[in-house]
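These notes concern the structure reproduced below.
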Amino acid sequence: MMAAIATLVAGVVLGYLGQRSRMCFVGGIRDFMLVRDRYLLRGLIAFGVTAWLAFPLMTAIGAPGVGPFGASDVVTVILTACGGFGVGYISTLANGCPFRQHVLAAQGVISSAAYLAGFLAGALIFHAWAAPLLLRLLPAWG
Amino acid sequence: MTGIVGGLLAVIAGSLFEVRPPDAYGLCMACHARDLVDWTINAAAGTQLTVAPASLVFPVLTPIGVLLGALMAARTSGEFRWQQPEHPLKTFLYGILVMNCALLAGGCSIRLLLRTSAGEPAGMIGFGALAAGVIVATQWLRWRATR
């Protein structure tokens, strides 16, 4: 229950700030490539650097830390790379990362609402069909 | 500013507020939405769809929070207005594909960056691949526009 409340509060804060700042996790790289605009890219870098500093800080104050991370097997690495590439490629075509699509849907963009409907349906499709199919094709992965 | 607050909240939620395991799970639009959908369907239909351990008892509510926060911001700034969709079926399919790719990679763009910041090698590979995907798609869009 604690996790649900914490993520709800964090979500409200980030949704508010994300709407005001147009934060997008793929838009930063895209805008920099297209027009050399660093505004969104700065947000992406700030997120990464802040998290990178905050993880050891949490460990220092006695909170549970992260890791150590063991080496992943080759299949997991390949699937992670394929999935990551797909997220980046399709999110760019869709004109925004999943976070940005949530924000746009909340400000009345019906295309983004359609995206969210697909996004939620996608979770069901993945666990009901795509993941079992992958597990059958790649038994070593399971 | 949003980046700094986002990074802090993502780490604090994961470390101090039990949004774990898995590690570096404090913020993810795909995994958290998956947890919410699967948990709800499991509760309603008695199915056994996958949810992360952090969401076993009650699901994480990040997607609802983001929608509420963005709605508040859009309403208070006067930026809320309904905009008719141009290609709703295409964006619906994009949503399906992005969710499937994100669950394959173990996180959306946010969590891949979070895993990279946490020092997870697979997360770094995933984020590198994501950046490559954005670069290739941007080149494709530029090529198509100038053709």
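Letters go in sequence order (proteins before strands), and every chain restarts at 1. No experiment lies behind these values; they were computed from the predicted model shown. Hydrogens, waters and symmetry mates are skipped; everything else that's a heavy atom, side chains included, is used.
- No side-chain heavy atom of B/Val5 sits less than 4.5 Å from a side-chain heavy atom of A/Tyr16.
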Audit row: A/Phe99, B/Cys108, side chain to side chain contact (heavy atoms under 4.5 Å, CB included) steps and yes/no = CA-CA 9 Å; A/Phe99 175 74; B/Cys108 71; over 6 Å; no
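- Residue pairs meeting the ring pair (Phe, Tyr, Trp, His ring centres under 6.0 Å) criterion with at least one member in residues 124-144 of chain B, sequence neighbours excluded, are B/Trp140-B/Trp143.
- For the set B/Asp35, B/Val136, B/Leu71, B/Leu103, the entry with the most heavy-atom pairs within less than 4.5 Å of chain A is B/Leu103.
- The main-chain N or O of A/Ser111 is found under 3.5 Å from a side-chain atom of B/Thr91 such that the two form a donor-acceptor pair.
- Interface remark: B/Asn100 contributes backbone and side-chain atoms alike to the contact with chain A (heavy atom separation under 4.5 Å).
- B/Thr138 is listed as a side-chain neighbour of A/Leu34, based on a closest heavy-atom distance under 4.5 Å.
- Remark: the backbone N or O of B/Leu61 is paired with a side-chain donor or acceptor of A/Thr7 at under 3.5 angstrom.
- Listed in order of number, the residues of residues 75-85 of chain B that approach chain A to under 4.5 Å between heavy atoms are B/Thr76, B/Ser77, B/Glu79, B/Phe80, B/Arg81, B/Trp82, B/Gln83, B/Gln84, B/Pro85.
- In this structure, the portions of A/Leu44 lying under 4.5 Å from any heavy atom of chain B include both its backbone and its side chain.
- Most heavy-atom pairs under 4.5 Å with chain B, from the set A/Ser91, A/Gly83, A/Ala94: that is A/Gly83.
- For the side chain to side chain contact (heavy atoms under 4.5 Å, CB included) test, residues two or more places apart in sequence or in another chain that qualify with B/Leu97 are A/Ile90.
- Contacts between B/Leu67 and chain A at a heavy-atom distance below 4.5 Å involve backbone atoms as well as side-chain atoms.
- The choice from A/Arg42, A/Met23, A/Gln101, A/Arg20 that makes the most heavy-atom pairs within less than 4.5 Å of chain B is A/Arg20.
- No part of A/Val9 comes within reach of chain B, as not one of its non-hydrogen atoms sits under 4.5 angstrom from that chain.
- In terms of heavy-atom pairs under 4.5 angstrom with chain B, the leader among A/Phe119, A/Trp52, A/Phe25, A/Phe32 is A/Phe119.
- Heavy-atom pairs under 4.5 Å with chain B peak, among A/Gly122, A/Gly108, A/Ala130, A/Ala113, at A/Gly108.
- Taking the salt bridge (charged side-chain N to carboxylate O under 4.0 Å, His left out) definition, one finds that B/Arg115 meets it with B/Glu120, sequence neighbours left out.
- Under the 4.5 Å side-chain criterion, counting only non-hydrogen atoms from C-beta, B/Arg142 is in contact with A/Met33.
- In this structure, B/Ile135 CD1 and A/Phe85 CZ are separated by 9.5 Å, a value rounded to the nearest 0.5 Å.
- Counting heavy atoms from C-beta on, the side chains of A/Asn95 and B/Tyr94 never come closer than 4.5 Å.
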